[in-house]
*Asks:* 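One structure is given below, represented as structure tokens, and several questions about it will come after.
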Amino acid sequence: MSNDIDVRPPDTRAVRRRVTLADRIALRIGMSLIIWSRRTHHVRPSVDFATRQRLERERRERELALLVQTAAMRMWR
């Protein structure tokens with residue numbers, strides 16, 4: 001059983017709205033920015049070993065504090 005929606009051509013009698021110049025310019029600038037941002041390569045800064053260790057230690061401390069706080073909240077309930 002075929003569906004006539006699949007075989008019917010699109011409606012060409014629809015009213016065509018004109019696109020304003022400001023909208024065309026905005027669209028072109030937006031597309032250019034999207035393309036430019038995808039082409040630029042983001043180079044991650046190199047971090048020395050001591051800084052990496054410090055950041056990792058601070059992250060572990062934050063996770064531990066959050067874990068303790070969560071456990072305290074569960075006990076409080």
Side-chain angles (χ1 to χ4, degrees):
M1 182 169 135
S2 74
N3 189 355
D4 57 325
I5 292 175
D6 295 334
V7 294
R8 187 174 40 187
D11 187 17
T12 56
R13 293 173 292 148
V15 179
R16 301 186 102 180
R17 289 181 26 214
R18 297 205 42 100
V19 179
T20 64
L21 179 62
D23 286 342
R24 288 183 188 178
I25 292 172
L27 181 63
R28 179 155 306 197
I29 290 173
M31 290 300 294
S32 300
L33 286 173
I34 290 171
I35 292 169
W36 176 80
S37 68
R38 289 178 180 246
R39 285 186 182 171
T40 19
H41 299 290
H42 299 286
V43 179
R44 296 183 69 173
S46 60
V47 181
D48 61 300
F49 184 72
T51 305
R52 185 175 296 148
Q53 292 293 90
R54 182 179 53 82
L55 291 172
E56 182 67 26
R57 184 174 60 249
E58 290 173 358
R59 184 182 64 79
R60 277 195 308 257
E61 289 172 357
R62 280 193 306 270
E63 287 177 353
L64 184 62
L66 184 63
L67 188 65
V68 168
Q69 185 180 9
T70 305
M73 290 300 291
R74 286 181 187 235
M75 288 174 51
W76 180 72
R77 277 194 205 162

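If you're wondering where the values come from, they're calculated on a predicted model, not measured in any experiment.
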*Asks:* Sequence neighbours left out, what pairs pass salt bridge (Lys or Arg N to Asp or Glu O under 4.0 Å) with at least one residue falling in residues 61-74?
*Replies:* Arg59-Glu63

*Asks:* Got a second to check how far Arg54's CZ is from Phe49's CZ, nearest 0.5 Å?
*Replies:* 13.5 Å

*Asks:* Mark yes or no for whether Thr51, through its side chain, and Val47, through its backbone, hold a donor-acceptor pair below 3.5 Å.
*Replies:* no

*Asks:* Taking atom CG of Asp48 and atom CD of Gln53, what is their separation to the nearest 0.5 Å?
*Replies:* 10.0 Å

*Asks:* Is the CD atom of Glu58 crowded by more than 12 outside heavy atoms at less than 6.0 Å?
*Replies:* yes

*Asks:* Under 4.5 Å between side-chain heavy atoms, hopping through other hydrophobics if needed: is there a path connecting Met31 to Val19?
*Replies:* no

*Asks:* Nearest 0.5 Å, what's the CD1-CD1 distance between Ile34 and Ile29?
*Replies:* 12.0 Å

